[in-house]
Amino acid sequence: MIMVLQDIQREYRYLPCEALLQTAQALDVKLSKVFSVATFYNAFSLNPKGEKVVRICVGTACHIRGAALIKEQIEHHLGIKAGQTTEDMKFSIEVVACVGACAMAPVVIVNDKYHGGVSVSSATRLVKN
Amino acid sequence: MIIATPKQLEQLAAEYKKTADKHKKMVIVCCGTGCLANGAQKIVDAFEECLSRRKVKDFTVEAVKKTGCHGFCEQGPLVVIEPQGTFYTKVKPKDIESIIEKSIENDEVIEKFLFTNPKDGRKIEKYPDVPFFSHQHRIALRNLGKIAPFDIKEYIAVDGYEALAKVLTTMTPDQVIDEITKSELRGRGGGGFSAGKKWRTCRNVPSDVHYVICNGDEGDPGAFMDRSIMEGDPHSVLEGMMICAFAVGAKQGYIYVRDEYPLAVIHLQKAIADCEKHGLLGDKILGTDFSFSIRIARGAGAFVCGESSALMRSVAGEVGEPRAKYIHSVVKGLYDQPTVLNNVETFVNVPVIINHGADWFREIGVPKNSGTKVFSLVGKVRNTGLIEVAMGTTMREIIYDIGGGIIDGRPFKGVQTGGPSGGCLPESKLDLPVDFDSLTEAGSMMGSGGMIVMDDKTCMVDVARYFLQFLVSESCGKCVPCREGLYQLHKLTIKICEGNGTEDDIEKMEKLSQQIVVGSLCGLGKSGPNPLLSTIKYYRDEYLAHIRDKKCPAGVCRNLITYRVIPELCTGCLACITACAYHAITGQKKEPHVINQELCEKCGACVAVCKHDAIEVS
């Protein structure tokens, strides 16, 4: 089931309600079970995501090198908090606990592109339209 | 092509070695996640582009090799010229033309790309002379940065699958387990349990089905060795699993990979497909009776799934909640069948032990802690990256000899090992030998090998708060001591960070911690209070400074600090004014700026951008 949901998530960038219903039917499991898996794992979202998903790593190495400040700058710049999406559906901010690129801390990933050694000024550049 | 016999494998290895040797010169471009982020693919493209319009004697585009992570990610993109071993750092696409002209056509060394030793400012020419590499002992990382992970031929050329052939043709499963037991290989995922004993228990459970699972759910923030190994040397992982499967009698294996590691999944998928094509996975491997296949199960972002029983439920497609382990998962694991679960690094050690023997392996390291351990050395240290040292190497050697000391020469404050289950160790423990038992005794743990170095600007109360926050959000919520206990601990640390703590709070936290340790169902809860307890043990003064004096000595906790511009140092460059998101700083160009305390949110952006150290935190 996890694999199925992952594929749906990749396609739509979130899990639409309809898709959960269909997953339950296709796999012949209760909807409640699909829902519990969909809400347990961080990789799944029940809300639509923006065109660009900005993932800010807040793993220990990034934390020590100022990830909180980077997060605050990006949040302030976009006017939304982590976990939210801008009204124009352009940007979503997510925090992720370590992406395994600790040697380049602090790290921000925009869609699938890694940006290492992010500074206060480069952070806001990453989220300029 | 199916490799039908061990003899044929041997012939192929000899053939591939010859192919590899035919290049007079090789260029190695590191293409680990770190270097890719720094633009390594553009370097490879630049080489291809340049070589397409320029003829170079004895050198073609085939001699440009993309390898896995060298470990020295901070200096990336890395380019190594072999056989000289010339080591270039921070290379840009526009530099490729001159590298080809000078270093490949004419054997010249271009000084500006060489690594500068931060200790003495000296330029270092050769790869093995860089202190970051010269102090290491590489076993698990043996092929990283040497072979192209996408090409099974390269792995076979470095005697890959030789150990598998040896096991299948000359050893019985019992002999394999005896050898691994004798080598004293301990689980590298954190627990440090004897791999041989685990395999023996699993084999002895009477059942038609046994499983082998490789744990690649590297959830500890600050650790990335498993990711680098899976990306850079996936075949070694597969070979280790195959040997284990032969020993315990398993026909099916799974690799559980974190969702955050897309490149690792791609490389493993390719490696598995190549093995199937060559008859190294599937039925009757190498013409013997041994059959085994491997599937990848992708995680979906849950730290608790690194725990054995939670991981197995997640592989089965369920919610990753742990269960009480009255019966170990090695007896009743995946789909209630006996299952061996080992970590990536553990499996990677297996082929080497089989090839070189248990005695050879035991000579490395210290008694009861044989072999090496990979660490990700990160945080406020000069040379950050992935390193591998013999067990028993001291912290001091790791941080100062390999790591080159603390950034900007600041004082060392502590090192955090073992991730959210581990602890922080102070300066007095710098000479502690790093092995499973010594770390546990000191109140921390090995964990999967994250080693996060902290300087005097790191607040230890904030670090404890950080880990508790992480654990609260990652606790699966099944058992009360973990779910509620960690939540309360987190609240108490916030209270102290905000300057509202009292001295009883420390006592309260210690008491509650004990109950969480005793009452929790799985390792997440049982070891959850470790970061807190170790910081209270070694940095009690810092807690007291927050509580009694309402001060944060490291200048981190916002409620307890103020920022002020030092007019004598301020050049009036406007940098902080631009950086401040709260418009709290005012001033004219070339005149000292002023921070409006009422508007200041104390985010620290001004300090981060000020090049003149003109902002004081007090």
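Everything numeric here is computed off the predicted structure, so don't read it as measured data.
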Exercise for the section: Name the option with the most non-hydrogen atom pairs under 4.5 Å to chain B; the candidates are A:Ala43, A:Gly59, A:Gly100. Expected result: A:Gly100
Fill in the blank from the handout: Of all heavy-atom pairs linking B:Asn38 and A:Met104, the shortest is ND2-SD, 4.0 Å
Practice task
Work out which heavy atom in B:Gly320 is nearest to a heavy atom in A:Tyr41; give both atom names and the distance.
Solution key: N-OH, 3.1 Å
Exercise for the section: Below 4.5 Å from any heavy atom of chain A, which atoms of B:Leu263 appear? Answer side chain, backbone, both or neither. Expected result: neither
Exercise for the section: Evaluate whether atom CG of A:Asn111 has more than 12 neighbouring non-hydrogen atoms of other residues, nucleotides or ligands under 6.0 angstrom away. Expected result: yes
Handout entry: Per-residue contacts, residues 63-73 of chain A versus chain B, heavy atoms under 4.5 Å
Key = A:His63, A:Ile64, A:Arg65, A:Leu69, A:Glu72, A:Gln73
Fill in the blank from the handout: Looking only at B:Ser228, B:Ser314, B:Gly604, B:Gly419, the option with the highest number of non-hydrogen pairs under 4.5 Å against chain A is B:Ser314
Practice task
Indicate yes or no: at least one non-hydrogen side-chain atom of A:Tyr114 is less than 4.5 angstrom from one of B:Thr33.
Solution key: yes
Exercise for the section: Using a cut-off of under 4.5 Å on heavy-atom pairs, state which of B:Asp462, B:Thr578, B:Leu386, B:Thr458 scores highest against chain A. Expected result: B:Asp462
Fill in the blank from the handout: Okay, B:Leu36 and chain A: the region with an atom under 4.5 Å from a heavy atom over there is neither
Exercise for the section: Would you indicate whether the side-chain heavy atoms of A:Cys98 and B:Phe224 approach each other to under 4.5 Å? Expected result: no
Practice task
Flag the one option from B:Glu74, B:Arg227, B:Glu260, B:Arg298 with the top tally of heavy-atom pairs under 4.5 Å to chain A.
Solution key: B:Arg298
Handout entry: Pairwise distance SG(B:Cys603) to CD(A:Glu75) - rounded to 0.5 angstrom
Key = 11.5 Å
Problem - Engaged part of B:Ala223 at the chain A interface, taking heavy atoms whose separation is under 4.5 Å - result: backbone
Problem - B:Asp220 CG to A:Cys102 SG distance, which is reported to the nearest 0.5 Å - result: 10.0 Å
Practice task
Report yes if some heavy atom in the side chain of B:Glu318 is under 4.5 Å from a heavy atom in the side chain of A:Met1; otherwise report no.
Solution key: no
Handout entry: Best-contacting candidate, B:Cys69, B:Ala302, B:Cys73, B:Gly379, against chain A by heavy atom pairs under 4.5 angstrom
Key = B:Gly379
Exercise for the section: Check the surroundings of atom NZ in A:Lys49: do more than 12 heavy atoms from other residues, nucleotides or ligands lie under 6.0 Å from it? Expected result: yes
Practice task
Name the option with the most non-hydrogen atom pairs under 4.5 Å to chain B; the candidates are A:Cys57, A:Ala103, A:Ala97.
Solution key: A:Ala103
Handout entry: Heavy-atom check, side chain of B:Val304 versus side chain of A:Phe40, under 4.5 Å
Key = yes
Completion exercise
If one checks every heavy atom of A:Val96 against chain B at 4.5 Å, the contacting part turns out to be side chain
Problem - Within residues 12-25 of chain A, residues adjacent to chain B where the heavy-atom gap is under 4.5 Å - result: none
Problem - Proximal component of B:Glu218, with respect to chain A [non-hydrogen, under 4.5 Å] - result: neither
Exercise for the section: Could you tell me whether B:Lys602 atom NZ has more than 12 heavy atoms of other residues or ligands within 6.0 Å of it? Expected result: yes
Completion exercise
Nearest heavy-atom approach of A:Val99 to B:Tyr261 is O-CE2, 3.6 Å
Handout entry: B:Val319 versus chain A, the contacting section by heavy-atom distance below 4.5 Å
Key = both
Handout entry: Structural part of B:Phe467 lying under 4.5 Å from a heavy atom of chain A
Key = side chain
Problem - B:Ala608 versus A:Val120, closest heavy-atom pair with distance - result: CB-CG2, 3.7 Å
Handout entry: Contacting region of A:Ala101 [heavy-atom separation from chain B under 4.5 Å]
Key = both
Practice task
Working to the nearest 0.5 Å, report the span between CD1 of A:Ile2 and SG of B:Cys305.
Solution key: 7.0 Å
Practice task
For A:Thr60 and B:Gly222, indicate whether the former's side chain and the latter's backbone hold a donor-acceptor pair under 3.5 Å.
Solution key: no
Problem - Atom group of B:Val463 that falls short of 4.5 Å from chain A, counting heavy atoms - result: side chain
